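Below is one structure, written out as structure tokens; comments come after it.
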Amino acid sequence: QVRLVESGGGLVQPGGSLRLSCAASGVIFSIDPMGWYRQAPGKQRELVATITSGGRINYIDSVKGRFTISRDNAKNTVYLQMNSLKPEDTAVYYCYSHIRKGWTSRWDDYWGPGTQVTVSS
């Protein structure tokens, strides 16, 4: 019974900023990696950013230099600081975690319900 809950989405003007948070709760042994996906209207879901427990980070090219992903391993929480937002960033953002519940358990994918980010003037 693992749950991922996102927060921080909303409406912002172009050039503005938002900070997304996602907290994983339940019986969790490890999460590796954590990340964010997004799905824009009329498009497929795409990977935005991921971060490993050791701090290795990957970004999609379109957000490099504008978004920053981070995590607090002790709190099982991942963040996405989004600056210089563009209308093209408008999407539902989903928290993703690859989790095992024990050291002998399998690794499974978990998804949050999504949070809407709208960038519009």
Side-chain angles (χ1 to χ4, degrees):
Q1 194 172 10
V2 175
R3 294 182 179 181
L4 274 58
V5 179
E6 306 102 336
S7 63
L11 175 65
V12 66
Q13 293 184 342
S17 297
L18 287 173
R19 182 176 180 265
L20 304 183
S21 300
C22 172
S25 62
V27 178
I28 299 172
F29 182 75
S30 59
I31 309 175
D32 206 5
M34 302 186 81
W36 294 91
Y37 286 70
R38 68 185 181 187
Q39 188 166 23
K43 292 191 174 183
Q44 300 297 114
R45 186 176 298 187
E46 65 178 353
L47 180 65
V48 178
T50 59
I51 181 169
T52 69
S53 60
R56 186 171 68 253
I57 295 171
N58 288 316
Y59 297 103
I60 191 172
D61 285 344
S62 62
V63 309
K64 289 181 179 178
R66 300 188 298 120
F67 291 11
T68 302
I69 189 170
S70 61
R71 65 186 282 176
D72 185 334
N73 291 333
K75 296 181 178 180
N76 288 332
T77 300
V78 63
Y79 308 93
L80 187 67
Q81 179 66 46
M82 304 185 293
N83 299 325
S84 302
L85 283 162
K86 304 175 180 179
E88 307 93 271
D89 297 316
T90 296
V92 177
Y93 284 70
Y94 297 92
C95 180
Y96 164 80
S97 291
H98 197 219
I99 294 173
R100 62 174 172 174
K101 298 180 179 180
W103 72 277
T104 60
S105 301
R106 69 186 183 190
W107 290 83
D108 292 311
D109 293 331
Y110 293 88
W111 295 90
T115 184
Q116 177 70 48
V117 172
T118 302
V119 185
S120 176
S121 60

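Only this structure's heavy atoms are used, side chains among them; waters, hydrogens and symmetry mates stay out. FYI, the numbering just counts along the sequence from 1. Quick caveat: nothing in here was measured; it's all calculated off a predicted structure.
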Y59 and its side-chain contact (heavy atoms from CB on, under 4.5 Å) partner, picked from I69, I51, V48: I69

Q81 side chain vs T68 backbone, donor-acceptor pair below 3.5 Å: no

Test item: side-chain donor near acceptor, D32 and S53, under 3.5 Å: yes

Pairwise salt bridge (charged side-chain N to carboxylate O under 4.0 Å, His left out) hits with a residue in residues 85-100, at least two apart: R38-D89, R66-D89

Interatomic distance, I31 atom CD1 to W107 atom CH2 [nearest 0.5 angstrom]: 8.5 Å

Rounded distance (nearest 0.5 Å) linking atom CZ of R3 with atom OG of S97: 15.0 Å

R71 side, atom CZ; I57 side, atom CD1 - distance, nearest 0.5 Å: 10.5 Å

Name of the residue among N83, L18, L85 meeting side-chain contact (heavy atoms from CB on, under 4.5 Å) with F67: L85

Flag, side chain of T90 to backbone of V119, donor-acceptor distance under 3.5 Å: yes

Linked, directly or transitively: V12 and V63 (ILVMFWY side chains, under 4.5 Å): yes

Which residues share a side-chain hydrogen bond (donor to acceptor under 3.5 Å, both in side chains) with R106, sequence neighbours left out: D108

Heavy-atom closest contact (I60 atom, L47 atom, distance): CB-O, 3.5 Å

Distance-minimising heavy-atom pair for S84 and S17: N-OG, 4.3 Å

Atom pair OG/CD of S121 and Q13 - distance to nearest 0.5 Å: 7.0 Å

Interatomic distance, W36 atom CH2 to T50 atom OG1 [nearest 0.5 angstrom]: 13.0 Å

Closest approach of M82 to V117 (non-hydrogen atoms, all atoms of both residues): CE-CG2, 3.9 Å

Nearest-0.5 Å distance, CD1 of residue I99 to OG of residue S30: 8.5 Å

Sequence-distant partners of Y96, ring-ring contact (aromatic ring centres under 6.0 Å, His included), two or more places apart: Y37, W111

Any donor-acceptor N/O pair, E6 side chain to G114 backbone, under 3.5 Å: yes

Shortest non-hydrogen separation from L4 to Y110 and the atoms involved: CD2-O, 3.6 Å

